[in-house]
Amino acid sequence: MNNFTDGAPRTPKEWVELGLPIFPCSADGTPAFKGWQEGDINSKALLVSKTYKDNVIALRLDNHVDLDIDNPIMQKFLGEIICGAKFGRKSNPISHLLFEGETKYESVKVPNAFEKYFKHFPHGLTLLDIRSGSGHFTYVPGGFRPHKKDSGAEKLQWLSFTGFMKYDSRINAKMKEICLKTALSVMFSYGGSRNEYINSIAGILSRHTDWTEEKISSFCFDIAFKSGHEKPTEFSNVGTNAKNDKTKTYGIPKLAKLLEVTPLDILELFSWVGVKDPGSSFSALRVYLTDPKYWQLKYKDNWITVMDSSMLLSYTKISILILENCYEVAPVISPKEWKEIIRNLLSKVEKIDAPLEASYYGMVMNYICEWILREHRQTVGDSYRNLALSNSGVIKADGHYYFKLKDLMNQLKRSTYTTEIRKLTHHLRDSLGAEDSKVSVNGKQIRCWKVAVENVDNKEFNNTTKYKYIPKPFKEPEPY
C-alpha cells in the first residue's frame with residue numbers, strides 16, 4: 001500500500017473535516033446507532049466517543065457512488081475505469097471505487113446455473129454491488145474492515161487518491177461489460193476447447209449486439225490474454241471473422257454446451273451487455289378450437305393470427321407474418337432456438353372454445369343441411385331405387401335421409417367447398433349422427449350414408465334459425 005499526503009482522508013478526523021456523513025460501526029459492521037439513514041449525523045461526537053473502540057468507519061452515500069468489487073478476478077479488467085479514489089485492504093487492494101454523484105442501486109450476480117464455477121469465491125455468484133443514496137453506506141479508509149472480535153482485522157487503505165471524481169452514468173454499462181469479462185474469465189479453463197469458447201463469445205456478440213468488429217475483437221482478446229491463453233493474438237481479428245457471413249462461427253448453443261447450461265442461461269448472462277432473449281418478444285399463444293384450428297401469437301404488443309398450424313413450426317413463415325403485420329424485421333432466431341420458444345409457449349397455451357359454426361367445417365355442415373333439406377325426394381313406398389342412379393341426390397325414406405358420399409362431394413365441389421374426406425365423414429358422424437350404410441336395390445348393394453330426419457330438421461347451427469325447406473315431391477320418371 002502507498003501513503004498519501006495529497007488530501008486523502010486517512011483518519012476519522014480527516015473525514016469529519018471534509019463535512020461528509022461519517023458514522024461508527026461495531027466490529028461486525030453493524031451501524032453503532034439507529035436512524036443512520038436519516039437526517040444529519042453528528043460524526044465528530046460519535047467518532048470521538050469514549051465508548052467507541054471498534055474503529056470501523058462507514059460513509060453514508062448521500063452524494064457518493066461506491067463500486068464494491070466482490071470478485072477478485074475483476075481487478076484484472078478494472079484498468080478501463082478511471083477513478084480518483086480507489087481503496088481496499090492488503091489481501092484485496094482494489095475492492096472499492098468511490099465517486100462523487102448519484103445512481104441507482106444495483107447488484108450484478110451471475111445466474112444460478114453457473115454456481116459450480118463460482119462457489120469457491122467468498123461472495124459466490126455476486127460480482128459487483130453499485131451503491132448510492134442515503135439508504136446505503138460503505139466502510140472507508142481510516143478504519144478496519146468488519147471482523148469478528150478477538151480475531152485479526154485488516155485496515156482499509158487507499159490504493160490511489162486524487163480526489164472524488166464525478167460519476168458518469170455510462171460507467172454502469174462499462175462495469176457490466178467488465179462483469180461479463182470477469183464471469184467468462186472465471187469459466188475460461190472450464191469451457192473445453194478454448195478456441196471454440198472464444199469464438200462462441202464472438203459469435204454471440206456479433207449476432208445479438210451492435211458492437212463493431214474492433215470492439216468484439218478487443219473484448220475477446222482481453223479475456224483470452226488475461227485468462228492465460230497461450231496465443232491470445234489468435235483472436236485479434238475474431239470480431240471480423242464473426243461478422244463475416246462466409247465464416248463458420250459458433251454462438252449460444254455451442255457456449256451452452258461447453259459450459260453445460262441451457263441457451264436461456266447464456267442469454268441471461270449476456271443480457272448484461274444488451275443481448276436479449278429473442279423469445280421474450282413472443283409472450284403468449286392462443287388456440288381457437290375450431291376445425292381446422294387457428295392460432296394467435298403475441299409478438300410484443302401485437303396479436304398475429306396464424307391460420308395454418310404448420311406455420312408455427314417454421315420461423316421463416318412467422319418472420320413473414322411479423323413483417324406483414326408489424327412492419328418490422330423479425331429478430332434473428334435459429335431453428336433450434338425457435339423450437340424451444342414454441343415449446344415453452346405451447347406449455348402455457350390459452351385454449352378458447354368456439355362453436356362449430358365459427359369454423360370452416362361448421363360452414364360446410366351448414367351447407368350440407370341446406371342441401372339435404374332442399375334436394376331430398378320423398379320416395380313412394382319407401383323405395384330406395386333412385387340410389388342406383390348415377391346422381392341420385394338425397395332420398396327420404398324410413399325416417400332417414402339417404403345420400404351417396406360421391407354425390408355430396410360433387411355438390412360441395414360445385415359450391416367451391418374444399419374438404420378432406422376423413423374430416424368430412426368425421427363431422428357427418430359427430431354433428432349429424434350420420435351412419436355409413438348399405439341399401440339393396442334390385443339385388444345390388446349400394447353404399448350410402450343415412451342420417452335421421454330429426455337430426456337434420458332440428459339442427460340449429462346458428463342457435464336462432466331452423467331450416468324450413470319444402471321438399472320436392474317425388475315424381476315417377478316418364479316413360480320413353
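Here the structure is a predicted model, which means the values were calculated and not measured. Computation of the quantities below employed the complete heavy-atom set of this structure, encompassing side-chain atoms and omitting hydrogens, waters and symmetry-equivalent molecules. Here, residue 1 is the first one in the sequence, and each next residue gets the next number.
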- request: May I ask you to check whether over 12 heavy atoms, not counting those of Q445, lie within 6.0 Å of atom CD?
  value: yes
- request: Would you tell me whether S217 and S236 have side-chain atoms, one donor and one acceptor, within less than 3.5 Å of each other?
  value: no
- prompt: For the residue pair Y299 and F282, does the interplanar ring angle fall in the parallel (under 30°), tilted (30 to 60°) or perpendicular (over 60°) class?
  reply: tilted
query: When you check the side-chain N and O atoms of D457 and Y401, is any donor under 3.5 Å from an acceptor?
result: yes
task: Taking all non-hydrogen atoms of both residues into account, name the closest pair between K86 and C83 and its distance.
output: CE-O, 3.5 Å
query: Taking the six-membered ring for Trp, are Y167 and F164 ring centroids under 6.0 Å apart?
result: no
- prompt: So, H64 versus F99, ring centres under 6.0 angstrom or not?
  reply: no
message: My understanding is that only residues two or more places apart in sequence, or in another chain, count here; which of them pass side chain to side chain contact (heavy atoms under 4.5 Å, CB included) with K406?
response: N410
field: salt bridge (charged side-chain N to carboxylate O under 4.0 Å, His left out) partners for E234, two or more places apart
entry: none
- prompt: What pairs of residues pass the salt bridge (charged side-chain N to carboxylate O under 4.0 Å, His left out) test when at least one of them lies in residues 295-311, not counting sequence neighbours?
  reply: K300-E328
- prompt: Do I421 and M409 pass the side chain to side chain contact (heavy atoms under 4.5 Å, CB included) test, and can you show the C-alpha distance, the side-chain angles, and the key distance before you say yes or no?
  reply: CA-CA 9 Å; I421 293 179; M409 294 293 292; 3.8 Å; yes
field: Least distance between heavy atoms, V439 atom then C448 atom
entry: CG2-SG, 3.6 Å
field: Straight-line distance of I252 CD1 to L267 CG, nearest 0.5 Å
entry: 4.0 Å
Using distance only, find each side-chain donor-acceptor pair of residues 65-72 under 3.5 Å and give its atom names and separation, not counting sequence neighbours.
from, atom 1, to, atom 2, distance (Å)
D66, OD1, H96, ND1, 3.0
D66, OD2, H96, ND1, 3.2
D66, OD2, R131, NH1, 3.2
D66, OD2, T138, OG1, 3.0
D68, OD2, R131, NH1, 3.1
D68, OD2, R131, NH2, 2.9
N71, OD1, I73, N, 2.9

query: If you measure from CD1 on I304 to CG on L285, what distance do you get to the nearest 0.5 Å?
result: 11.5 Å
query: Is E80 salt-bridged to K181, cutoff N-O under 4.0 Å?
result: yes
query: If we ignore angles and hydrogens, is there a donor and acceptor under 3.5 Å between the side chains of E213 and T240?
result: yes
field: Residue of the set F77, F270, W211, F235 for which ring pair (Phe, Tyr, Trp, His ring centres under 6.0 Å) holds with F219
entry: W211
Pairs meeting criterion salt bridge (charged side-chain N to carboxylate O under 4.0 Å, His left out) with involvement of residues 249-267, two or more places apart: K116-E260, E196-K254
- prompt: Any ion pair linking E154 and K90 (charged N to carboxylate O, less than 4.0 Å)?
  reply: no
For residues 312-324, which side-chain N or O atoms pair as donor and acceptor with protein atoms under 3.5 Å away, sequence neighbours left out?
from, atom 1, to, atom 2, distance (Å)
S314, OG, K317, N, 3.3
Y315, OH, P331, O, 2.6
S319, OG, Y315, O, 2.8

message: Going by side-chain hydrogen bond (donor to acceptor under 3.5 Å, both in side chains), name the residues that satisfy it together with N302, two or more places apart in sequence or in a different chain.
response: none
Which residues share a side-chain hydrogen bond (donor to acceptor under 3.5 Å, both in side chains) with S281, sequence neighbours left out: none
field: Donor + acceptor pair across side chains of S415, Y367 (<3.5 Å)
entry: yes
query: If you draw a 6.0 Å radius around CD in E115, do more than 12 non-hydrogen atoms from other residues or ligands fall strictly inside?
result: no
- prompt: Is there a donor in the side chain of Y288 and an acceptor in the side chain of Q296, or the other way round, less than 3.5 Å apart?
  reply: yes
task: Verify, without hydrogens or angle tests, whether T182 (side chain) and I178 (backbone) share a donor-acceptor contact under 3.5 angstrom.
output: yes
- prompt: Just wondering, more than 12 heavy atoms not from R414 lying within 6.0 Å of its CZ?
  reply: yes
task: Identify, with sequence neighbours excluded, every residue that meets salt bridge (charged side-chain N to carboxylate O under 4.0 Å, His left out) alongside K166.
output: E100
message: For S227 versus K76, what's the shortest heavy-atom pair and its separation?
response: CA-NZ, 4.3 Å
query: If you measure from the Lys or Arg side-chain nitrogens to the Asp or Glu carboxylate oxygens, is any gap between K423 and E420 under 4.0 Å?
result: no
- request: Apply side-chain hydrogen bond (donor to acceptor under 3.5 Å, both in side chains) to R447 and list each qualifying residue two or more places apart in sequence or on a separate chain.
  value: D436
- request: Specify whether Y117 and F114 have parallel, tilted or perpendicular ring planes, treating 30° as the upper limit for parallel and 60° as the lower limit for perpendicular.
  value: tilted
W295 versus S309, side-chain donor and acceptor atoms under 3.5 Å: yes
- prompt: Under 6.0 Å between the ring centres of F188 and Y197?
  reply: yes
field: E435 with R429: basic N within carboxylate O range, under 4.0 Å
entry: no
Residues forming a side-chain hydrogen bond (donor to acceptor under 3.5 Å, both in side chains) with H208, sequence neighbours excluded: none
- line: By side chain to side chain contact (heavy atoms under 4.5 Å, CB included), L408 pairs with (sequence neighbours left out) I368, W371, F403, L405, L412, L424, L428
query: Mind checking whether F137 and F23 have ring centres under 6.0 Å apart?
result: yes
